[in-house]
Amino acid sequence: MAVDYKLTLQLPKTDFPMKADLPTREPKLLEKWKGEDLYGKILERRKNGPSFILHDGPPFANGDAHMGHALNMTLKDMVLKSKNMAGYQVPFIPGWDCHGLPIEHKVMKELGDQAKDPVTIRQNCEAYARKYIDIQRNQFERLGVFGDWQNPYLTMDPAYEADVLRTLASIVEKGWVYQALRPVYWSTGCQTALAEAEIEYSPKLDLSVFVRFSVLDSSFAKLGVSTPVSILIWTTTPWTLPANLGVAVGAGIAYGLYQQNGEHFLAATALAASLPGFVAGEPIRLFKGADLEGIDYQHPFLNRQGKVYLADFVTTDTGTGFVHIAPGHGRDDYQLGQRVGLQTLSPVDDRGCLTEECGVADLVGKYVFKANPIVRDLLRDQGKLWADQEFSHDYPHCWRSKTPIIFRSVSQWFIDVNGFRAEALEEIKSVTWVPTWGENRIRGAVESRPDWCISRQRTWGVPLPVFYDDRGTAVLTADQVRQVADIVEEKGTDWWFKSEAEEIAKILGLPTGLRKGLDTIDVWIDSGASHTAVVKRRLSFPADLYLEGSDQHRGWFQSSLLTSVAVCGKAPYKQVLTNGFVVDMDGKKLSKSDVYKKPTDLLSFVNKFGADILRLWVSSQDYRDDVPFSEEIFTRVTDSYRTVRNTVRILLGNLNGFTPEKAVARSEWSEIDLYVEAQLQDLIRTVLAAYEAYEFHAVYHAVIRFCSVDLSAFYIDVLKDRMYCDAVTGKRRLAAQTVMFQVVESLVKIIAPIMPYTAEETWMMMGHKESVHLQLFPQAGEGAAKYRDRWDRLIQVRSVVNEPLEKARQQKLIGKSLEAQVILRGSGFEEIDRELLQEIFIVSKVQLESAESLSAEVSPASGLKCVRCWKFGEENGKHADHPELCPRCTDAVLVCP
RNA sequence: GGGCCUGUAGCUCAGUUGGUUAGAGCAUGCGCUUGAUAAGCGCAGGGUCACUGGUUCGAGCCCAGUCAGGCCCA
């Protein structure tokens, strides 16, 4: 009998599966989107909307996409999708950085010793880049990112390369490009100058030496001595001693003249005691650094004299307070040398071996780090070695070859940043930086950066189109670069490497007999020129937003800013957003993590959990800080996903048989319906504001809370009786469906930027023909503010009633709450509220008694249990045909047998 | 070593101009339900707000230092 009545219930029914099975379902949706060119359709739909330009920073076309890429790309896409649904037209052109050392290095390894002509190398590099562009493209697309994936921008496209050259031409035209012999970071492993970004620090053990520099007789008077005296210097790079041309002291530092074992020497008083073998005790005489300026000394093993100079970079942290100066081998040294007129001596070749110029036959041809002990022995033989010791310090290494780098002077090309530094700093102020401290970072980077070394001794890159005459004088003009750009646009940069110098010179109208430069341009110029090659050509300048990891303040944000300011005096972006790095749960970077040693690759993760889970993870985090990644966090996120999915599912189940035409007018809604609908409006308002502020984690929290608290635990739970037991045609039931329909429609649109696949799946399940991503966000109507007082009270009363209900349950007096009746004592409730209270408590009966303080008493419900709706009541079982039913169910059964 | 940041329950986040017993969701435990069931509901426990010191009548919020972590630079 009871089974029959169950058939008269309107239980939720839907084909929307509880199990998401995203790894299977998502690729099908992706195929559908690609098949119907959804990206194109969206652009067409928004063609009259205001445009919003998010310019993609090009990742390096090397290796699989990892979690860091996933984080950044998902954030970009959530911005794009939310802007699209807010009505903007959002074209997105993804890009890749193709040139550069890492690829060339890989290719050189693969090629081994065979064919090393530039064109072969370059062809292999291009193939390598294309391979990884395809791989990464598939991985990014799989994330559900909409964009012009068929026409991305590649920094190796001839048209792009031409614009890189035109950018350079503009800077040449302004006179900001020059050539100079200057110490640069030099990788002996890769035999090239390196950019700052290509260097990493790691511990290295070096031989350090304390060396006597004998003061010349002519300076004895200055020191008030008449016997031989030496200056003690300390260095961790003995191999640079052949290039020593001076000694620096700090003007304000105190120096002492010491005597020990009949020998006189000078050292900073603060450091004397730390000298190995120091036993001299108190100094005989004291000097300020300023007193020592101009003292002449004899080079320890070369026939050369040097002087003492003042410099502000001298410290008394380590060493002797006297700093050995080799202008060809250090940045500080070089600058001091420039100031006082020292030569830039750098007797080291490309491989890091000392040359004839070093002046010591035994050292010629020796790798610098192998030369250190030879220099030490030389010093010892000359009686100039005070002491030597092993010294461990963080030392710069080449990020590719892992060999220690050296400072070495070579002729390089530079951009004179001082030409436009002030302008760049001014432009920084006009940009909105999120988080705000980003402005400090980039300002610091721009303020302190030295001139930009733009030449590289590599082949996989845009050529620096310079010529040299037989005396080595460079020929480089803006016109010449522009002519090259025009040809490159047509023929690609291989043309420069394939063609004879004579041939190119002739085309450019240059004299004969010139030598073709073989350097390439720093890849940071490549990517930095994207505002010209992409934003100006294919989008609209300046871009509204750049969004990259926070390491790019010194990287792409800076190179883009500098080239843009140099070319046209404007920042290329209006707003810059940064995300932190993916770290493990202890806040450690993944590569140092105990748990996640390898970079976690994106695709295996997506194939296992689904893109929407990964995207939900991204949305759940405040990405402005570092973003933790762990199994536990993903388990939690998966739980949250189920919450949303199941909420949507039960809504769809309850909407079975409902169509918008059956919607009921507001005037017919119950108070609960009105309240929940108003809460939905609050949710919409909150979420739209959060999207506007790019605070996706606020969207996440608001949506999850709404689903679990407002819907699942309250509205849907309370409405079960109405939905299951009322007659299908009942107004109360239709009113609830009207609200649920609105809720699910809004909810799906709101989550679409975060979970594009699940949103689409739901949207289609609702019977829509057209993608949810073509829709606009719902507009927020009037919120629940006007219901606030009453409903805060009602919710509070509900939890007061739940306590004794729970006690009764624990005591086995009742099971489900419908088995209970409640006496509610308190004030402010009218008899008219009784039915509402009974509904929201989900009990069979509520009795009101007035009292000063609020309390509730629970007892097992009296009367007969209706077998259909499970409610107890004194009026139940009165109908002769249906003796087991309550009056409401009797009616429902009679209406709808 | 320097610059810029971060540090609130197991996890993810809120905490307005410093002002009562620091909040939410999830997770956990216990119970209920079996008409959202590889689901749902209820109740409960859980935080010296990284640490130390200071300013204040009062500090998670302000100041100084320490520790841990990140990015960048040396």
Side-chain angles (χ1 to χ4, degrees), chain A residues 5-6 9-14 16 18-19 196-197 199 201 315 317-318 331-332 393-396 435-445 447-449 549-555 558 578-589 592 617 619-622 624-628 630-640 642-643 645-654 695 697-698 700-709 712-714 716-718 720-721 723-725 798-799 801-812 814-819 842 868-870:
Chain A
Y5 284 123
K6 183 169 175 176
L9 293 172
Q10 303 299 319
L11 296 180
K13 185 165 178 285
T14 176
F16 188 75
M18 182 178 284
K19 186 165 160 42
E196 287 88 340
I199 285 158
Y201 286 78
T315 66
D317 294 343
T318 50
R331 188 173 287 164
D332 287 340
H393 55 160
D394 269 352
Y395 193 84
T436 50
W437 50 259
E439 183 170 351
N440 291 340
R441 291 196 80 173
I442 191 159
R443 195 195 307 115
E447 274 171 353
S448 68
R449 75 156 302 141
S550 58
D551 56 334
Q552 298 303 333
H553 283 115
R554 193 168 271 265
Q558 192 192 189
T578 50
N579 60 267
F581 278 66
V582 180
V583 296
D584 74 5
M585 221 162 62
D586 298 326
K588 291 185 183 148
K589 61 161 108 182
K592 285 187 184 167
W617 164 67
S619 81
S620 75
Q621 303 279 344
D622 186 349
R624 292 166 295 198
D625 288 335
D626 287 334
V627 174
S630 72
E631 292 290 331
E632 179 178 0
I633 292 171
F634 273 99
T635 309
R636 295 292 90 82
V637 169
T638 306
D639 291 338
S640 297
R642 287 208 196 93
T643 297
R645 189 176 180 92
N646 281 328
T647 302
V648 165
R649 180 169 177 268
I650 187 67
L651 287 171
L652 292 178
N654 276 325
E695 289 179 349
H697 65 289
Y700 170 88
H701 279 282
V703 167
I704 302 291
R705 216 202 73 88
F706 183 72
C707 286
S708 65
V709 179
S712 190
F714 180 70
I716 295 170
D717 203 32
V718 161
K720 279 175 186 166
D721 178 72
M723 298 309 299
Y724 301 169
C725 307
R798 187 176 191 243
S799 78
V801 171
N802 271 334
E803 286 174 43
L805 275 175
E806 182 58 26
K807 276 203 188 97
R809 225 182 330 255
Q810 304 266 356
Q811 290 163 9
K812 310 290 180 196
I814 58 166
K816 52 179 169 295
S817 53
L818 280 178
E819 292 166 19
I842 320 183
R868 185 166 175 274
C869 73
W870 299 340

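Every chain is numbered from 1, with letters handed out A, B, ... down the list of sequences.
- Rounded to whole Å, the C1' atom of B/C11 lies 34 Å from the corresponding atom of B/G54.
- In terms of the salt bridge (charged side-chain N to carboxylate O under 4.0 Å, His left out) criterion, A/Arg649 has no residue partners (sequence neighbours excluded).
- Separating the C1' atom of B/G47 from that of B/A27 is a span of 16 Å, rounded to the nearest Å.
- The residue A/Val637 sits apart from the nucleic acid: no heavy atom pair falls under 4.0 Å.
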Contacts under 3.5 Å, N or O only, protein and nucleotides 13-15 of chain B:
from, atom 1, to, atom 2, distance (Å)
B/C13, OP1, A/Gln621, OE1, 3.0
B/C13, OP1, A/Asp622, N, 2.5
B/C13, O4', A/His701, NE2, 3.3
B/C13, O3', A/His697, NE2, 3.3
B/C13, O2', A/His701, NE2, 3.4
B/A14, OP1, A/His697, NE2, 2.7

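- Comparing atom distances between the A/Arg649 side chain and each of B/C32, B/A36, B/G10 picks out B/A36 as nearest.
- Heavy atoms of A/Leu9 sit under 4.0 angstrom from at least one base atom.
- Comparing B/C5, B/U33, B/G10 against the side chain of A/Lys816 picks out B/U33 as the nearest.
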Provide a list of protein-nucleic acid N or O atom pairs under 3.5 angstrom, restricted to nucleotides 40-44 of chain B.
from, atom 1, to, atom 2, distance (Å)
B/G40, O3', A/Ser712, OG, 3.1
B/G40, O2', A/Lys720, NZ, 3.4
B/C41, OP1, A/Ser712, OG, 2.7
B/C41, OP1, A/Ala713, N, 3.2
B/G42, O3', A/Asn802, ND2, 3.4
B/G42, O2', A/Glu806, OE1, 3.2
B/G42, N2, A/Glu806, OE2, 2.9
B/G42, N3, A/Glu806, OE1, 3.3

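- Spacing of C1' atoms, B/G31 relative to B/U52, comes out at 45 Å, to the nearest Å.
- Contacts of A/Asp626 classified as side chain to side chain donor-acceptor pair (under 3.5 Å), with partners at least two apart in sequence or in another chain: none.
- Side-chain nitrogen and oxygen atoms of A/Lys19 include none within less than 4.0 Å of the OP1 or OP2 phosphate oxygen of B/A39.
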Nucleotide N/O of nucleotides 2-4 of chain B paired with protein N/O under 3.5 Å:
from, atom 1, to, atom 2, distance (Å)
B/G3, N2, A/Arg441, NH2, 3.2

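- Remark: A/Phe714 engages A/Trp791 in a ring-ring contact (aromatic ring centres under 6.0 Å, His included) (not counting sequence neighbours).
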